[in-house]
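Convention: sequence-line order gives letters A, B, ...; per-chain numbering from 1. FYI, side chains are in, hydrogens and waters are out, and symmetry mates aren't considered; it's all heavy atoms of this structure. What you see is a predicted model; the values in this text were computed from it and never measured.
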There are 2 protein chains.
Amino acid sequence: MNSFTEENYLKSIYHLSVTDDESVSTNSIAAALNTKAASVTDMLKKLADKKLINYAKYQGVSLTDEGRAVAINIVRKHRLWEFFLMEKLHFKWDEVHELAEELEHISSAELIDRLDRFLEYPKYDPHGDPIPDRNGCIKTDELKPISVLPINSRGTIMGVREHAPAFLQYLAKLQLTIGIQVHVADIIDYDQSVILKLNNKNSVTISREVAKNILVTI
Amino acid sequence: MNSFTEENYLKSIYHLSVTDDESVSTNSIAAALNTKAASVTDMLKKLADKKLINYAKYQGVSLTDEGRAVAINIVRKHRLWEFFLMEKLHFKWDEVHELAEELEHISSAELIDRLDRFLEYPKYDPHGDPIPDRNGCIKTDELKPISVLPINSRGTIMGVREHAPAFLQYLAKLQLTIGIQVHVADIIDYDQSVILKLNNKNSVTISREVAKNILVTI
DNA sequence: TGATTTTTTTAGATAAGTCTAAATTTATTA
DNA sequence: TAATAAATTTAGACTTATCTAAAAAAATCA
Ligand SMILES: [Mn+2]
Ligand SMILES: [Mn+2]
Ligand SMILES: [Mn+2]
Ligand SMILES: [Mn+2]
């Protein structure tokens, strides 16, 4: 079995490698885990010994197939717990992530499969991220940030790129949550702010920065 | 915050002091936690420093009010998770304890209060043990082992004194589970074996050892 | 009571995970 | 390409929790 710490490293490497694509740097892992580069190097050696990552000094790291399987399983647990917390315990979408950071380390596979069944096999977590199935298969829908939509186009909010509670609370206040249809009414020349019309006729203005972090299907 | 290890020590001391009453010995803690006496001594010093236990060298330990509050909170979490696992995820009563040993360390009080509400404030866990409320109040029903019942008396199974999976599986096979009414049909002179009649007319024979570990109300 | 056994504590090691400071390697840029 | 800057690794130290072996205290009993 892997320790909580090892699991957190593997998960971070996984997330960094899906966004960054290439091999992951020591410093980026340190930043993600809020730790120091020296600590990361120590852990990378250990994970390499366990054949969970490919690591050559100064070269960055990537996950092995086994390491990726471990990481995806933690992501699966994280997202299923998030769904449970929101759906059954009625937490808000900005509250579930922190709690899931603990729950994702509960080890039992039987438990998570039963939770999956109890929740009726949800496909997406409260932030729109896909939940891997028990075989580690994970959907990859093509989502676009609102910032690339042209004036007068429409989209449905399906995810976010940023999970900070403050950001999620802000979106909730604007009623910009998963499943909501938006219509790009205007884009301000000066700073690229986006004016959205919602189905309920409300109109909200968001900065380009915010628009980049909201994902939609067209 | 206390570490998992500290929480496990406090919980063990709590359980040992409710069954044994007086102050708890180093060796009994070591036995309960499957560790060595030397390790226990080290931890006792730390817990005493944190004012969670009363400890004087060679004198055994007892919980302070604060230590007891921490312990009871862990027991609350343990039993609520056990109830969830059985009620919602349909685990068997011999499977839930091990899983709850992990879940009891999830820290959020908000989470456990919401879980409590979701489960509709259960009073007892799957083994008949009372679930402390959020203020740490815990019911203490007077339960008697079947072994003290005279011939021809009746009782309702309300708990067990032994939580080992093998024991619980054995009881389940005999249909001796929580809520079942039993009638003491006979007690064998030779070895004090107890012959029970159930409501469904079935008759089962259990050893005195087993009879001691099944608790009933009359 | 005095000797023996049991219990508990101390001493000293080990392993995991973290840190700071220094050294080394790689990347940048003049 | 040589100097400088940035990234990474190493060295050495610290904390937590654990262990074995030895010492000390308490309990038992002849
Ligand atoms: Mn999350
Ligand atoms: Mn999420
Ligand atoms: Mn239990
Ligand atoms: Mn129980």
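Considering only residues two or more places apart in sequence or on other chains, Ser62(B) meets the side chain to side chain contact (heavy atoms under 4.5 Å, CB included) condition with Asn54(B). For the salt bridge (charged side-chain N to carboxylate O under 4.0 Å, His left out) test, no residue two or more places apart in sequence or in another chain qualifies with Lys45(A). Listed by chain and number, the residues in a salt bridge (charged side-chain N to carboxylate O under 4.0 Å, His left out) with Arg114(A) are Glu110(A) (sequence neighbours excluded). With sequence neighbours left out, Phe84(B) forms a ring-ring contact (aromatic ring centres under 6.0 Å, His included) with Phe84(A), Trp81(B).
Between the P atom of dC14(D) and the NZ atom of Lys36(A) lies a distance of 17 Å, rounded to the nearest Å.
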(request) Could you encode protein contacts along nucleotides 4-10 of chain D as a string, one character per nucleotide from 5' to 3', using B for base contact, S for sugar-phosphate-only contact and - for no contact, with a heavy-atom cut-off of under 4.0 Å? (result) ---SBBB
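Among residues at least two apart or in separate chains, there is no side-chain hydrogen bond (donor to acceptor under 3.5 Å, both in side chains) pair with a member in residues 30-40 of chain A. Applying the ring-ring contact (aromatic ring centres under 6.0 Å, His included) definition to pairs two or more places apart or across chains, those involving residues 123-142 of chain B are His127(B)-His163(B). Among residues at least two apart or in separate chains, ring-ring contact (aromatic ring centres under 6.0 Å, His included) pairs with a member in residues 92-111 of chain A are Phe4(A)-His105(A), His78(A)-His97(A).
Atoms CD1 and OH, on Ile29(A) and Tyr9(A) in that order, are 8.0 Å from each other to the nearest 0.5 Å.
Of the residues in residues 2-9 of chain B, those lying under 4.0 Å from DNA chain D by heavy-atom distance are Ser3(B), Thr5(B), Tyr9(B).
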